[in-house]
Structures are given as C-alpha cells and as structure tokens.
Amino acid sequence: MNSNVSRPVPSANTGSAVLNWISDTALFLVQLERRFDPFFRPALDAVLRDPLARLTTALINLQRPNEGLKIAEEKLLPDEDAFLDSIISTFEKQMQLLWKPGAFERGGNTKTHGIVRGELIVHDDLPAEFRHGIYAKPQTYRAWVRFSGPGPYITPDIDDVGFMSISIKLMGVPGPKLMEDEKFTQDLFGVSTPTFVTPDTKANAQLQLASLKNAQLYYFINLHRPHILDLIMQSLWLKTQSSPFEAPYFSCVPYLLGEGQAMQYSIWPKSNHRTPIPRLPLRPPDDYLRDAMIDRLAEEDVEFDIRIQLQTDPYLMPIENNAVLWPERLSPRISVATLRIPRQTFDSPAQMEFAKRLSYNPWHCIPEHRPLGNQNRARRRMYSELSRLRQKMNTVPHYEPTGDEVFE
C-alpha cells in the first residue's frame, strides 16, 4: 500500500562504539516500555502529569531572561539564518541517506497513517476577540487531513517515539496568502505534545545533527548543552498511542489572530472512545494505528474540537521559546470550530500516494494568521526547500488540492 514499508530504526552512528551501544540500548528499553505502557499510564497521567508539567515549566522559566517583549512581539535570534541553513542541510543529508529517488519521504512527520477528507466548521457564537481570519464568521471549509508518525523514519507503530501529528489543509480560503505557491489554502499543524521538542532554531539545529547520527538521545543528555527539562516535558506526553483519532494535538508555536494578538491552537477529540491495542504486551501489527482509523471510519464520523488560547502574558507565554507550556490559568483554551471527518474509506493505494503530493507549510495562510517566532520563521524556507527536494526526487510537481479529488 505504500512505496516504503515499516522497518526498524537504524542503529546509532556516532563514531563511538560505546556511545552507539548506550543509544541503542536506551532505544530498546523505550520500545520495550511501550508494550506495557497502556497498563499503567492512564493512572499515572491522571495523578502526576499536570503537576509535573507545571513544575517543569517553572524550572524552565527560571532559566529564561525576561526580555520585556510585548504581546505578539517577535525578536530575531542571533545567527538565526545560520541555524536555519544547518537544519536544512542536515535534513537533506538524512533524507538522501534514508530514501531512494522515486520513494522520497518527508524529513519529519514521515509515516502517513492516513489522509482523509474533512471539513472545518466555524462556530457562530464566538466572542469578538476570536472573530479574525478564518474564524471571522460562521462558515465551513473543506479539508484534507493527514495523520502521521514522528519520523524521520518509517517504523512499526509500536517502535516509534510515542507521538503523532496532524496536518490540516483547508481549501477555498479567500484572500491574499503569505506564500504564492498556493492561492486558496490555509494549513494548520499539531503534534500530540503541548510543547515543541526544541525551544528555538539554535537547539533545533543541534537536534538535527544528533538525528543525522541516529542518536537523538545525545541532544537531550550531554555535558555541553543539556536539554533535560525539555526531555522531561516531552516524556510526560510521549506514550503508546491507541489511534490518531484519540489524542489531542497542539500547535506548540504561536500565530497571529488578527493584528497585535497572538494565539496557539489545539485540536481535541470530542469522543472518549479508546481502541484496544492488539496483542500487547506482544507486538501489535506494524500499522495498527492506520487499522484503528480504518475501523473507526467504517462505523462512524469522527469529530475534533478546535480551541484557541490567546497570549495574555508575554513572558510566561513566550513567542520565541516554544518549549514553554502556556498556562491555562492565565488564558483558557476556547472552542472556536469543529473538525469533522465523515465516514469514509481512505486506504486505497492511490489515496495513500496522494498524501505524498501535498505540501504543507504554516505560511500557506492569510495575513491574519501569520506564523510567529523563530521556529515558525524557519519553517517557511525549511518546509519549502525540503518539499521541493522531495518533489524533485519523486518527479512530482507541486500540487494545490481543491477537494474534488477522486481516487479509485
């Protein structure tokens, strides 16, 4: 069904046999824990996750200076372009090592669990401060929604690091766009952890260098620039997933909501439905997450709640540091729209391959939702250049969907 089937994570290649063994052993233990995680994790999350997240956030904030920025104000990082150049170069090297021409995959959010038809329905009773851009009035947008695994590898689902992502391409969005390669789309993104894996592009460049060696552990744990608190924050949400339809997703990075107002958004399943993970503690099927999507959409529609969180404190809800969890006590998440995915069949080879034709970029957007912060600024060129590389290697031209696509 896919040109690239699941395969194990490559062994570490740090140049040191000892460091390779430590990294590979740590990965093995994480993958082993994933087999047992569902038996104890719900209780652990209910009791400890939120208090530990608040404590970790407080410790991260103790290390951050207060730069006196205003609401929705950005500030360039020193050497920001150099960090971006490094990120792009490292991604390109890794993609060329992992994939062959004609079967190039994305550098991140790599494994496609499924791409499905949906619609985003804007609510009709929003407070004035939320009525901007695509939320300005009650309306419905058609969408292509891609659910994916973390990448940069395509692994059996039980062997990934424990999070998922969602990419939503709205169609029929009027008005000028910040990127000219698509005229009528607005792209939304989320991952199943509420903070980004790196605080900024400087750290992201370091992470990608570790990823190139298949040894991401040493980005978080090292003697020179450790990111232990970021690892703890990520680990609070990394777990054995049951279905792409059963996790919340978070933008992690901020966007404008009209002039002078910043937001983050999140996407929450409306149902408490939980799909049993087959065979645990033995190995589930390699693509059990896709199987869960197929079974659910064969029986019923799936709905998510779109929520917006406004920035109300420029320091505690920073624009330029995306490892900081924006506290709900300062600004609650407000429901603004529903993402509805109707019953459908989506797993034909043609539709799965269609996912590779699409290019998602947060800068496919109207000015009212301009991406904010250094990692969002980086995404404009990074996503664009890596998408062009993938299209070139697969001899597939850029394609803007309309929603009228039909597959055998």
Side-chain angles (χ1 to χ4, degrees), residues 1-10 27-28 30-35 37-38 41 91 94-95 97-99 103-116 144-169 188-194 196-198 207-208 211 214 216-217 234-235 237-252 267 269 275 277-278 280 283-297 302 304 341 346-347 351-356 358-360 383 386-387 390:
M1 192 166 295
N2 287 305
S3 57
N4 289 310
V5 298
S6 298
R7 54 186 177 181
V9 175
L27 177 62
F28 169 79
V30 168
Q31 292 174 337
L32 180 63
E33 188 275 339
R34 290 285 178 263
R35 312 271 194 91
D37 186 273
R41 188 60 178 267
F91 263 117
Q94 186 169 49
M95 291 166 69
L97 286 171
L98 289 173
W99 313 117
F104 250 57
E105 300 284 353
R106 290 171 169 86
N109 303 323
T110 307
K111 181 176 182 176
T112 299
H113 298 312
I115 186 161
V116 295
W144 279 113
V145 186
R146 178 177 179 261
F147 293 91
S148 56
Y153 319 110
I154 293 181
T155 67
D157 293 337
I158 196 65
D159 291 338
D160 71 26
V161 297
F163 82 91
M164 301 175 294
S165 62
I166 186 173
S167 304
I168 305 169
K169 186 175 287 289
L188 307 176
F189 295 83
V191 296
S192 58
T193 56
F196 204 61
V197 65
T198 56
L207 173 60
Q208 302 316 322
S211 180
N214 304 323
Q216 291 87 336
L217 172 70
Q234 292 291 300
S235 298
W237 273 268
L238 298 177
K239 61 183 180 180
T240 305
Q241 303 291 345
S242 58
S243 167
F245 295 151
E246 297 166 9
Y249 298 91
F250 305 87
S251 69
C252 298
I267 304 158
T275 303
I277 302 172
L280 291 183
R283 290 189 67 84
D286 285 358
D287 303 318
Y288 79 86
L289 293 173
R290 182 181 305 136
D291 295 341
M293 294 176 62
I294 293 169
D295 293 344
R296 182 85 176 275
L297 287 182
V302 172
F304 290 86
I341 300 172
F346 66 87
D347 59 325
Q351 188 161 333
M352 293 297 292
E353 285 298 309
F354 171 68
K356 297 181 181 179
L358 298 184
S359 297
Y360 288 89
Y383 282 24
L386 296 180
S387 178
R390 180 167 54 89

Handout entry: Minimum heavy-atom distance between K111 and S6, given as atom pair plus value
Key = NZ-OG, 3.0 Å
Problem - Check: T275 and D291 side chains under 4.5 Å, non-hydrogen atoms - result: no
Problem - Heavy-atom donor-acceptor pair, K169 side chain to S359 backbone, under 3.5 Å - result: yes
Exercise for the section: State, yes or no, whether a side-chain contact exists between L207 and Q216 at a heavy-atom distance under 4.5 Å. Expected result: yes
Handout entry: Note: R290-D157 ion pair, threshold 4.0 Å (strictly below)
Key = no
Practice task
Go through the structure and list residues passing ring-ring contact (aromatic ring centres under 6.0 Å, His included) with Y360, not counting sequence neighbours.
Solution key: none
Handout entry: Partner residues of F250 under the ring-ring contact (aromatic ring centres under 6.0 Å, His included) criterion, sequence neighbours left out
Key = W268
Handout entry: Q94 versus N214, closest heavy-atom pair with distance
Key = NE2-OD1, 4.1 Å
Problem - Beyond-backbone contact of T112 with F354, side-chain heavy atoms, under 4.5 angstrom - result: no
Practice task
Please identify each residue that fulfils side-chain hydrogen bond (donor to acceptor under 3.5 Å, both in side chains) with Y383, with sequence neighbours left out.
Solution key: R379
Exercise for the section: Please identify each residue that fulfils salt bridge (charged side-chain N to carboxylate O under 4.0 Å, His left out) with D160, with sequence neighbours left out. Expected result: none
Exercise for the section: Would you name the heavy atoms of I115 and Q351 that are closest together and state the gap between them? Expected result: O-NE2, 2.8 Å
Handout entry: Which atom of T110 lies closest to which atom of Y153, heavy atoms considered
Key = CB-O, 3.9 Å
Show me the donor-acceptor pairs within less than 3.5 Å that the side chains of residues 238-245 make with the rest of the protein, sequence neighbours left out.
from	atom 1	to	atom 2	distance (Å)
T240	OG1	R34	O	2.6
Q241	NE2	G162	O	3.0
S242	OG	E246	OE1	2.5
S243	OG	F245	N	3.1

Practice task
For D159, enumerate each residue passing the salt bridge (charged side-chain N to carboxylate O under 4.0 Å, His left out) test, keeping only those at least two apart in sequence or located in another chain.
Solution key: R283
Exercise for the section: Give the minimum heavy-atom separation between S211 and P152, together with the two atoms involved. Expected result: OG-CG, 3.8 Å
Exercise for the section: Please assess V191 against W237 for the test side-chain contact (heavy atoms from CB on, under 4.5 Å), listing each intermediate value before the final yes or no. Expected result: CA-CA 10 Å; V191 296; W237 273 268; over 6 Å; no
Handout entry: Pairing residues for N109 by the side-chain hydrogen bond (donor to acceptor under 3.5 Å, both in side chains) criterion, not counting sequence neighbours
Key = S165
Handout entry: Set of residues satisfying side-chain contact (heavy atoms from CB on, under 4.5 Å) with respect to V145, sequence neighbours excluded
Key = V116, A143, F147, I166, I168, L339
Handout entry: Test side-chain contact (heavy atoms from CB on, under 4.5 Å) applied to R106 and L386, step by step
Key = CA-CA 8 Å; R106 290 171 169 86; L386 296 180; over 6 Å; no
Practice task
Quick one: list whatever passes side-chain hydrogen bond (donor to acceptor under 3.5 Å, both in side chains) with R390, sequence neighbours left out.
Solution key: none
Handout entry: Any donor-acceptor N/O pair, Q234 side chain to F196 backbone, under 3.5 Å
Key = yes
Practice task
For S167, enumerate each residue passing the side-chain hydrogen bond (donor to acceptor under 3.5 Å, both in side chains) test, keeping only those at least two apart in sequence or located in another chain.
Solution key: none
Practice task
Go through the structure and list residues passing side-chain contact (heavy atoms from CB on, under 4.5 Å) with P278, not counting sequence neighbours.
Solution key: P284, P285, Y288
Exercise for the section: Report the distance from atom CD1 of I341 to atom CE of M293, rounding to the nearest 0.5 Å. Expected result: 7.0 Å
Problem - Chi angles and distances behind the side-chain contact (heavy atoms from CB on, under 4.5 Å) call for L280, I158 - result: CA-CA 10 Å; L280 291 183; I158 196 65; 4.2 Å; yes
Fill in the blank from the handout: Taken in chain and number order and not counting sequence neighbours, the residues that satisfy salt bridge (charged side-chain N to carboxylate O under 4.0 Å, His left out) with D37 are R41
Problem - Criterion side-chain contact (heavy atoms from CB on, under 4.5 Å) on I294 and F346, from CA distance to verdict - result: CA-CA 7 Å; I294 293 169; F346 66 87; 3.6 Å; yes
Practice task
Heavy atoms only: give me the nearest A247-M164 pair and the separation to one decimal.
Solution key: CB-CE, 3.6 Å
